[in-house]
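Just follow the structure's listing: the first ligand is 1, and inside any ligand the first atom is 1. We count residues from 1, following the sequence as given. Because the structure is a prediction, the values reported are computed rather than measured. Both backbone and side-chain heavy atoms feed into the values below; hydrogens, waters and symmetry mates do not.
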Amino acid sequence: MLNIVLFGPPGSGKGTQSEHLIKQFELIHLSTGDILRVEIAAQTELGVEAQKRMDKGELVPDEVVISMISKIIEKNKNAKGFIFDGFPRTQAQAEALDEMLLVHSTKVDLLVMLDVDEEVLKKRLILRGEKSGRADDVNIEIITNRINVYRSLTKPVSKYYKKQGKSFPINGMQTEAEVYSDISHVMRKFVK
Ligand code: AP5
């Protein structure tokens with residue numbers, strides 16, 4: 001298996017790059033944000049609870065996302081690998097992911113860190129909000145809160161992977177094609 005964590009602040013391009021990478025490397029794209037939005041659209045109990053946090057730009061509780069991810073890994077244990085997009089976002093999630101993968105004798109191979117300046121992130125998300133109407137993109141206060149939550153709770157998680165020599169920074173302010181080219185260059189080193 002090839003397991004990659006696409007890491008970076010809101011609007012850094014994780015979803016955009018995942019779409020390209022799953023085609024090239026035949027991996028399963030696992031976006032916790034997308035899964036939660038499906039639950040919200042279906043107005044499940046989980047979705048209704050998650051929406052209260054997401055609409056404010058706060059994280060959904062660890063146990064909720066860990067359980068979602070665990071079920072999907074279990075269902076796809078014969079996959080070529082996964083792209084984790086938006087997960088893990090806390091130290092507890094990172095440790096839980098290691099345990100889930102270890103059960104299947106596999107591990108996180110690399111973390112790709114998309115670096116983008118805060119002003120660029122805000123512009124991208126406001127622009128997307130105008131078209132998509134995504135509730136957490138329409139208001140600058142919520143966007144700012146998401147970025148602050150990323151800085152305080154999520155960014156420190158990258159150190160966990162850096163210590164293991166698995167973290168690869170990429171300039172996320174280049175064009176989509178340039179970012180994609182840099183990521184696939186790094187990933188090819190891990191493909192057997
Ligand atoms: P999630 O859906 O994961 O949102 P996010 O992290 O805020 O990320 P985005 O989807 O906004 O950005 P992205 O990095 O994927 O960028 P994208 O490619 O879309 O999470 C939403 C919420 O769910 C969280 O706030 C939290 O409440 C909850 N949640 C999710 N996971 C959780 C977890 N593990 N634990 C707890 N809670 C969780 O691009 C953004 C825009 O920029 C697009 O318009 C795109 O076209 C554009 N763009 C992309 N690349 C470029 C480029 N190179 N140049 C110019 N424009 C670009």
Side-chain angles (χ1 to χ4, degrees), residues 4-22 29-41 46-70 72-73 82-97 100 108 111-158 170-184:
I4 163 171
V5 173
L6 259 191
F7 200 85
S12 55
K14 303 182 294 293
T16 304
Q17 295 300 328
S18 295
E19 290 304 322
H20 297 304
L21 294 165
I22 49 170
H29 179 203
L30 228 159
S31 157
T32 35
D34 286 351
I35 301 165
L36 289 166
R37 281 184 287 276
V38 169
E39 297 281 343
I40 291 172
L46 189 157
V48 171
E49 279 310 304
Q51 186 169 17
K52 292 179 195 160
R53 312 269 183 139
M54 289 168 76
D55 283 357
K56 288 190 262 177
E58 291 167 4
L59 295 185
V60 171
D62 284 338
E63 57 275 20
V64 173
V65 282
I66 289 169
S67 154
M68 281 176 1
I69 293 284
S70 165
I72 298 173
I73 293 178
F82 297 94
I83 294 188
F84 296 97
D85 160 5
F87 182 90
R89 264 172 146 102
T90 63
Q91 183 65 27
Q93 291 180 21
E95 288 170 14
L97 179 60
M100 289 179 231
V108 170
L111 173 140
V112 168
M113 159 73 91
L114 295 173
D115 288 319
V116 178
D117 290 349
E118 185 164 331
E119 286 316 306
V120 176
L121 297 172
K122 287 179 177 168
K123 277 188 196 145
R124 284 185 188 177
L125 294 177
I126 286 285
L127 190 68
R128 183 177 64 184
E130 286 168 6
K131 295 180 211 146
S132 73
R134 212 175 107 170
D136 56 352
D137 282 347
V138 291
N139 169 319
I140 192 67
E141 282 76 33
I142 299 170
I143 290 174
T144 304
N145 192 38
R146 285 162 65 197
I147 295 171
N148 290 342
V149 167
Y150 169 79
R151 275 221 212 90
S152 58
L153 296 175
T154 303
K155 192 156 187 231
V157 178
S158 65
I170 300 280
N171 174 3
M173 291 191 291
Q174 308 173 90
T175 65
E176 267 184 44
E178 287 165 340
V179 176
Y180 175 58
S181 164
D182 282 2
I183 300 176
S184 53

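- Shortest contact from atom 16 (O) of ligand 1 to any protein heavy atom: G13 N, 3.1 Å.
- Formation of a donor-acceptor pair under 3.5 Å by the S70 side chain with backbone atoms of I66 is not found in this model.
- For atom 29 (N) of ligand 1, the closest non-hydrogen atom of the protein is L36 CD1, 3.7 Å.
- Residues passing the salt bridge (Lys or Arg N to Asp or Glu O under 4.0 Å) test with D115: none are found, sequence neighbours excluded.
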> Hey, mind stepping through R89 and V157 against side-chain contact (heavy atoms from CB on, under 4.5 Å) and telling me if it holds?
Replying inline: CA-CA 7 Å; R89 264 172 146 102; V157 178; over 6 Å; no
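- V65 is not listed as a side-chain neighbour of I35, based on a closest heavy-atom distance of 4.5 Å or more.
- At least one N or O atom of T16, backbone or side chain, sits closer than 3.5 Å to an N or O atom of ligand 1.
- Open room surrounds NZ on K155; 12 or fewer heavy atoms of other groups in view lie less than 6.0 Å from it.
- Proximity to T175 (heavy-atom distance under 4.0 Å) selects the following atoms of ligand 1: 53 (N).
- For K52, the salt bridge (Lys or Arg N to Asp or Glu O under 4.0 Å) partners are E49, not counting sequence neighbours.
- With N145 contributing its side chain and K56 its backbone, the two residues share a donor-acceptor pair below 3.5 Å.
- Although no hydrogens or angles enter the test, the distance criterion places no donor-acceptor pair under 3.5 Å between the side chain of R146 and the main chain of P10.
- Shortest contact from atom 31 (N) of ligand 1 to any protein heavy atom: T32 OG1, 2.8 Å.
- Between L114 atom CG and Q17 atom CD the span is 6.5 Å, to the nearest 0.5 Å.
- Residue contact check: L125 has heavy atoms under 4.0 Å from atoms 11 (O) of ligand 1.
- Residue contacts with ligand 1: G86 is placed with a nitrogen or oxygen under 3.5 Å of a nitrogen or oxygen of the ligand (distance criterion only).
- Protein heavy atom nearest atom 12 (O) of ligand 1, with residue, atom name and distance: G11 N, 2.9 Å.
- In this comparison of R128, R53, E58, the heavy atom closest to atom 27 (O) of ligand 1 sits on E58.
- A distance of 12.0 Å separates CG in L30 from CG in L6, rounded to the nearest 0.5 Å.
- Salt-bridge formation is not detected for the pair K123/D117: no Lys NZ or Arg NE/NH1/NH2 atom is positioned less than 4.0 Å from an Asp or Glu carboxylate oxygen.
- Here P9 has backbone heavy atoms under 4.0 Å from ligand 1, and that is the only part of it that gets that close.
- Atom 23 (O) of ligand 1 has its nearest heavy-atom neighbour, among Q174, K131, K14, M54, in M54.
- Where the criterion is an N or O separation shorter than 3.5 Å, residue side chain and backbone included, R37 meets it with respect to ligand 1.
- The nearest protein atom to atom 56 (N) of ligand 1, hydrogens excluded, is given as R124 NE, 3.5 Å; this is a heavy-atom distance.
- Atoms of ligand 1 found under 4.0 Å from any heavy atom of V65 (numbered from 1 in listed order, with element): 33 (C), 35 (N).
- Ligand 1 lies less than 4.0 angstrom from a heavy atom belonging to R134.
- Taking any N or O of S12, backbone or side chain, at least one lies under 3.5 Å from an N or O belonging to ligand 1.
- Here L127 has no heavy atoms under 4.0 Å from ligand 1, in either its backbone or its side chain.
- Given atom 30 (C) of ligand 1, the protein heavy atom at minimum distance is R89 NH1, 3.3 Å.
- At a heavy-atom cutoff of 4.0 Å, ligand 1 is contacted by no atom of Q51, backbone or side chain.
- The residue M173 has no part lying near ligand 1, judged by heavy-atom distances below 4.0 Å.
- When only non-hydrogen protein atoms are considered, atom 7 (O) of ligand 1 lies nearest to R146 NH2, 2.7 Å.
- Side-chain atoms of Q51 never come within 3.5 Å of backbone atoms of A41 as a donor-acceptor pair (strictly under, hydrogens ignored).
- When all heavy atoms are compared, the tightest approach of T32 to G86 is OG1-O, 3.0 Å.
- For atom 35 (N) of ligand 1, the closest heavy atom belonging to the protein is Q93 NE2, 2.9 Å.
- Separating the OG atom in S181 from the CD1 atom in I170 is a distance of 9.0 Å, to the nearest 0.5 Å.
- Within the 4.0 Å heavy-atom cutoff, V64 does not count among the residues contacting ligand 1.
- The shortest N or O to N or O distance between G15 and ligand 1 is below 3.5 Å.
- Of the N or O atoms in V60, one or more lie within a sub-3.5 Å distance of an N or O in ligand 1.
- No side-chain donor-acceptor contact under 3.5 Å links K14 to the backbone of F84.
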